[in-house]
Amino acid sequence: MLIFTLRRLNLFIFTMFLLTLLSFSLSFLFPGEQLINISGQVNATPKQLMVLAEQYQTDNNIAQQYIAYISHLFQGDLGISMASQLSISNEIMSFLPATIELTLVALFIAMIFGIPIGFIAAIKHRKATDNIILTVSMLGYSIPVFWLGLLAILVFSIQLGWLPSAGQLSLVFEIEHVTGIQFIDILLSDSPYKWQAFQDASAHIFLPACVIALAPATIFVRLARTAMMDVLDSQYIRAAKAKGLSFRQIIYHHAIRNAMVHVIRDVGLQFANLVTIAMVTEVIFSWPGIGRWLIESIFQRDHTSIQGGLLALSSFIFIVHIVIDFIYAALNPLARESRNGA
Amino acid sequence: MNLLDIRNLSIVLKSATNPILAVDRVSLTMKEGEVRGLVGESGSGKSLLAQAIIGVLDEKWHVDADRFHWRGKDLMRLSVDERKAIISKDVAMIFQEPMACLDPTMTIGMQLTEAVDGEQLTGYFWQKNQQRKETAISLLHKVGIKQHKICLKKYPHQLNEALCQRVMIAMALAKRPILLIADEPTAAMESTNQGQIFRLLASLNQLKNMSILLISHDLENVTHWTNTITVMYSGQFVEAGTTKHIFEQPFHPYTRALVDSSPKSNSGLPAKSRLMALPGSIPILQHLPIGCRLGPRCPRAQQACVIAPKVTNYHGHQFSCHFSLKGSY
């Protein structure tokens, strides 16, 4: 297990190195001057530019420039936004938690619906239930998310009026910004209307999270269905049947656990996809997250923000990947050991 | 009274265009306390037959029999669930590739305690867990695993094939079965481990009077451990009789060829001469010959062989051949 952890850590460091290399090279690839791209100081006087050039070591070779950039990163300095002249790390810290909250809720919804439905489809293989589930999941996968988001607002917010259409929380609640994750902030606050605020936040997150969750959920349905069918076809299930275990016992004790092992591994891969969908959805639902902020930065040609935002989002995705890898190892004893051992 | 009496069991692979008769009217009887070998080449339907007996074939197979009696009870008249209840109570099965037959994500201990029959436990529900554990440990002792503490905590991939097979046998023993079906239990195992597993099965047969149906493709290997042998070829019944008869005076040309092809009977041959073997190979399921399926390969085949022969009984030695070797001894 220690080796497993060290390996993941090693992978993390290496991937972060590549990511920073990419974001560093972006400052050269974007149009305009590299120094301004990397620092975001569009209105700097020649004197200030001299100081910046000294800080980022633009006169030295590329390796030293990269090291200077990395040391800026370690100090939490990602430069300032070219559009708003605000510190990018502060902006990210205020926007990223909302995205984390939204994507994790969406992932949770996608998993608790997608995986069991996939299992049911596999158990009822080649029956009407299976065909219906497959058809519906195909349909769900094919719907473009921007259209679905607008449709959801149209139906549930405007026509039926059940759920709010935009934002993270109604403006009547005053919740102090502590962690940035709305639900935790609400629980930490000492407002007398805490539970009302909690309900309101749930109502706000429900619609965008469902819209994001739909496409990944349909993929989970298919993954879970294939995994479960493989498991049900395996030797140990046949042996368990010969042992005289009931079908229910076989499914609950042996099949689900083994099928989950296969599904969990692919959940990590789907997460990057889910974040991309979340970025579009944030724009539609005016969710104050990093996706919307990043898309706005792209529209404004705000090169410094794009670099910082990319770095933050991809490290978030990568951390989720590693966490899912650990869950996979917890479920699968084979993964915990080194390949050639035992 | 026979323990198991199967007459003319057929297994059909269902398909929309042409159903395939994978096992064609095979009969099998077993007495109490008997070790019977079921021998045939790979693809001769012996595993199918075993899986049909225990009822783990899936929906694409259709099983039909003229008679299927278990200890005098006619199982064909019972519903699927009742049949399953009786069979799973009294019959246990172990498979080839034991490691693949154990759930890879559960420890041996968890799987073994799960196999313990709840009805055998006496005590209140808070005592049952402890009792299950104790039963599991004693089961491991019965199959010759003394270091139960280590074994119970291991995952299947941490044990070798022979140990996994012992664990599988221990699980089979948990139900206190009357019949144990062993489907090539020693395939892909070293010969020392093979011997251990066979000796374990033999001792279970002698000490607990447990009947064993030993399925194998190796006639010579099986003869040391069995009382009686049934030979199958390409889904058809070939010959059944005591091990001595089958090995020394086989009536069917196929059994003769099997006996002759064993390394032992070939050991007298001069160097670089051809080994004894039947020409050709076992037919695939899509292109089965009509009549006796051995026909195209049989050295004694004649025109009459296009009609499948009936089973002939000669002093308890059954064979199905028009031109048997009975007169040649």
Side-chain angles (χ1 to χ4, degrees), chain A residues 1 4 115 119 122-130 224 227-265 326-342, chain B residues 47 50-51 53-60 81 84-108 110-119 153-160 164-165 167-168 170-175 177 180-183:
Chain A
M1 198 62 205
F4 181 82
I115 295 173
F119 287 165
I123 292 165
K124 306 263 179 202
H125 182 45
R126 287 186 194 191
K127 295 201 177 113
T129 326
D130 184 26
M228 189 54 131
M229 264 159 40
D230 281 350
V231 168
L232 286 180
D233 225 25
S234 66
Q235 283 259 19
Y236 51 86
I237 295 295
R238 183 170 293 169
K241 270 185 204 162
K243 233 194 271 177
L245 297 184
S246 68
F247 190 66
R248 188 180 288 266
Q249 270 177 315
I250 289 172
I251 293 291
Y252 284 116
H253 291 183
H254 298 287
I256 286 185
R257 195 185 166 106
N258 280 289
M260 279 307 279
V261 169
H262 296 288
V263 178
I264 284 291
R265 194 191 247 176
F326 274 100
I327 298 174
Y328 173 70
L331 281 174
N332 188 2
L334 279 168
R336 288 198 285 264
E337 289 167 22
S338 54
R339 273 236 167 262
N340 304 316
Chain B
S47 290
Q51 286 175 19
I53 293 172
I54 203 142
V56 291
L57 285 178
D58 48 25
E59 293 115 41
K60 41 181 200 275
D81 289 335
K84 215 176 164 192
I86 291 173
I87 287 288
S88 70
K89 189 170 163 289
D90 290 343
V91 187
M93 185 162 176
I94 57 175
F95 298 84
Q96 42 186 327
E97 294 174 40
M99 208 178 278
C101 294
L102 291 163
D103 186 338
T105 57
M106 274 171 112
T107 59
I108 299 292
M110 283 159 80
Q111 300 188 49
L112 204 51
T113 45
E114 184 190 56
V116 172
D117 191 359
E119 286 170 21
K153 280 190 201 132
K154 293 278 189 194
Y155 286 97
H157 68 272
Q158 294 169 321
L159 303 175
N160 69 9
C164 280
Q165 193 60 281
V167 171
M168 286 303 291
M171 277 184 202
L173 290 182
K175 290 264 152 64
L180 178 71
I181 301 176
D183 185 0

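Reminder, nothing fancy here: chain letters follow the sequence lines and each chain counts from 1. Everything numeric in this text was worked out from a predicted model, so none of it was measured.
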Could you report the tightest heavy-atom contact between Tyr236(A) and Pro104(B), atom names first, then the distance? CE2-CD, 3.5 Å
Which pair of non-hydrogen atoms, one from Thr105(B) and one from Leu331(A), has the smallest distance, and what is that distance? CG2-O, 3.8 Å
To the nearest 0.5 angstrom, please state how far the OG atom of Ser234(A) sits from the CG atom of Asp103(B). 8.0 Å
With a sphere of 6.0 Å drawn around CZ of Phe326(A), does it hold more than 12 non-hydrogen atoms of other residues, nucleotides or ligands? yes
Distance (rounded to the nearest 0.5 Å) between Arg238(A) CZ and Met93(B) CE: 8.5 Å
Interchain contact, Met99(B) with chain A, by part (heavy-atom threshold 4.5 Å): neither
Under a 4.5 Å heavy-atom cut-off, does chain B meet the side chain of Ile237(A), its backbone, both or neither? neither
State, to 0.1 Å, how close Ala242(A) and Phe95(B) come at their nearest heavy-atom pair, and which atoms those are. CB-CZ, 3.9 Å
Which heavy atom in Gln235(A) sits nearest to a heavy atom in Glu97(B), and how many Å separate them? NE2-OE1, 4.4 Å
Interatomic distance, CE@Met110(B) vs NE2@His253(A), rounded to 0.5 Å, equals 9.0 Å
Distance check, rounded to the nearest 0.5 Å: Gln249(A) atom CD versus Glu114(B) atom CD? 6.0 Å
Shortest non-hydrogen contact from Ala239(A) to Cys101(B)? CB-O, 3.5 Å
Side chain from CB out, backbone as N, CA, C, O: work out which of these in Val261(A) comes under 4.5 Å of a heavy atom of chain B, or both, or neither. side chain
